[in-house]
Protein chains: 2
Amino acid sequence: MTRQATTRDPEQTRLRIMEAATDLFVEQGFSSVTMSQLASAAGVTKSLIHHHFGSKEKLWEAVKEHAFAQYFSAQMAMLEEAGEPDAELLRASVEAYFHYLKANPKAVRLFAWTHLEGDTSCGDMDAQLMGAGAEWVRQAQQRGLLRADVNPTHVVAIFVMTCTQWFEAKCHHQHWPGMGNDEAFLEDFLKIFMAGAAPRD
Amino acid sequence: MTRQATTRDPEQTRLRIMEAATDLFVEQGFSSVTMSQLASAAGVTKSLIHHHFGSKEKLWEAVKEHAFAQYFSAQMAMLEEAGEPDAELLRASVEAYFHYLKANPKAVRLFAWTHLEGDTSCGDMDAQLMGAGAEWVRQAQQRGLLRADVNPTHVVAIFVMTCTQWFEAKCHHQHWPGMGNDEAFLEDFLKIFMAGAAPRD
DNA sequence: ACGTTTATTGACCGGCCGGCCAGTTAGCAG
DNA sequence: CTGCTAACTGGCCGGCCGGTCAATAAACGT
């Protein structure tokens, strides 16, 4: 158990607020969540949230920044532990990205809300990841491991966007007739994607 | 010019409200739009909106239903005017879908909002379209025009999801380094997708 | 032991929210 | 012209919104 608040612990309190806020914002988006909701979900008063975060907007920013930072470091770690480019590593990267999103549905929804808001605060972070991914594809192309007649950035974008949309819009397409489960879809996507990205004979 | 309202025209008024509401909801989502905003954007009073639509929620439902109906009929028309299955027709379908989304950014955003809301009211409509698309792919597979070792529904889902995400998250990835414009991306996607969906040699 | 700081509370605020309602006016059937 | 229906308006309401503030109490330096 986490310690009961017989004694004060501002950092713990900040964390409790952030966690409750993350859950609520992820579920409902920014504007339909109220401070009262946030306060009761975190087990604190509204005033305390203002004391720690200043305003509802600033809390939202803090939640997003925290989630983006986690996403960024997780992705960077995955990129760095990837070894030398080869074709199987592309498959492994797609699988790793897919399973990361599956394990982090809150991050997926948070991204979706920020897409709609037009928030570009995570732009630099995203650009850095995408740059690294595209560079990796470019090297694989030069070694003849992937077809060289496509923009490397587009190659990464295609699998990132497919994985993202799979989880973002799951509530929609999980009811489509004949649609398989996560693993079945991933398998079929990989068949098509890997064959399509292979060098032309 | 549309006629000035020297004379009353309830249908025209309903339409004006729907159009203004569509623009606002598409831009900001449901909860951050206020009735006052809607009223002034439509050039009517709040009460009149209530008179015609009952409540803010019902107006939102009406906007969604209208947009989905348009989407549905447009897609059905595209499916029906497609001829016999062949490999080039798959390319044409992807291009048609991509350009439809490009020409209807409001529909794209409306879909995104409903994804996040978990709204499944367009489920039957979607299922019908997807069923038709998958059936089309199945026939192409039986004729040896497409690889037969993948779920037909997944084939359709892959290109639908990629196109959707391209436009839904455009504010994000348009700043990624090396990312091309709409047509360049579509071309690269088609290279990979068509090659990957082709029969195995 | 004693200030100082700061985490925390509850009461409170002006304003706007969605919605309602009584009243007015345009269209329309007879 | 006369009712009647329905489109349309302005004013208003109770309630909740995000936010403030003075008061309290726990932690902490000295």
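So you know, we letter chains A, B, ... as the sequences are listed, proteins then strands, and number each from 1.
Separating the CG atom of Leu38(A) from the C1' atom of dC17(D) is a distance of 12 Å, rounded to the nearest angstrom. Residue Gln37(B) contributes atom CD, which lies 13 Å from atom C1' of dG18(C) at whole-angstrom precision. Across the protein-nucleic acid pair, His50(B) atom NE2 and dA6(D) atom C1' stand 18 Å apart, rounded to whole Å. For Ile49(B) and dC20(C), the CD1 to C1' distance is 15 Å, given to the nearest whole Å. For the pair Glu11(B) CD and dG27(C) P, the computed distance is 15 Å after rounding to whole Å. Phe30(B) has its CZ atom 13 Å from the P atom of dC17(C), to the nearest Å. For Arg14(B) and dC8(D), the CZ to P distance is 11 Å, given to the nearest whole Å. Taking atom CG of residue Leu48(A) and atom C1' of nucleotide dA26(D), one finds them 13 Å apart after rounding to whole Å.
Ring-plane geometry between Phe189(B) and Phe193(B) is classed as parallel, the angle between the planes falling under 30 degrees on a 0 to 90 degree scale with a further cut at 60. The aromatic rings of Tyr71(A) and Tyr97(A) sit perpendicular to each other, their planes meeting at more than 60°, with 30° as the lower class boundary.
Toward the 5′ end of DNA chain D lies the nearest nucleotide of Lys46(B), the other residue of the pair Lys46(B) and Met35(A) mapping further downstream.
When distances run from any side-chain atom of Arg8(B) to the nucleotides dA25(D), dA26(C), dT9(C), the shortest one goes to dA26(C).
The phosphate of dC8(D) has neither OP1 nor OP2 within less than 4.0 Å of any side-chain N or O from His51(B). At dC17(D), one or more side-chain N or O atoms of Thr34(A) fall inside 4.0 Å of OP1 or OP2 (strictly under the cut-off). In this structure, Ser47(B) does not reach the dC20(C) phosphate: none of its side-chain N or O atoms is under 4.0 Å from OP1 or OP2. The shortest distance between the side-chain N/O atoms of Thr7(B) and the OP1/OP2 oxygens of dG27(C) is below 4.0 Å. Dashed line: the shortest gap from a side-chain N or O of Ser36(A) to OP1 or OP2 of dC17(D) is under 4.0 Å. At dC8(D), one or more side-chain N or O atoms of His52(B) fall inside 4.0 Å of OP1 or OP2 (strictly under the cut-off).
A donor-acceptor pair shorter than 3.5 Å cannot be found between the side chains of Glu11(B) and His52(B).
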field: Test ring-ring contact (aromatic ring centres under 6.0 Å, His included) applied to Phe159(A) and Phe98(A), step by step
entry: CA-CA 9 Å; Phe159(A) 83 77; Phe98(A) 187 88; over 10 Å; no

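Two rings, from Trp60(A) and Phe25(A), have their centers less than 6.0 Å apart.
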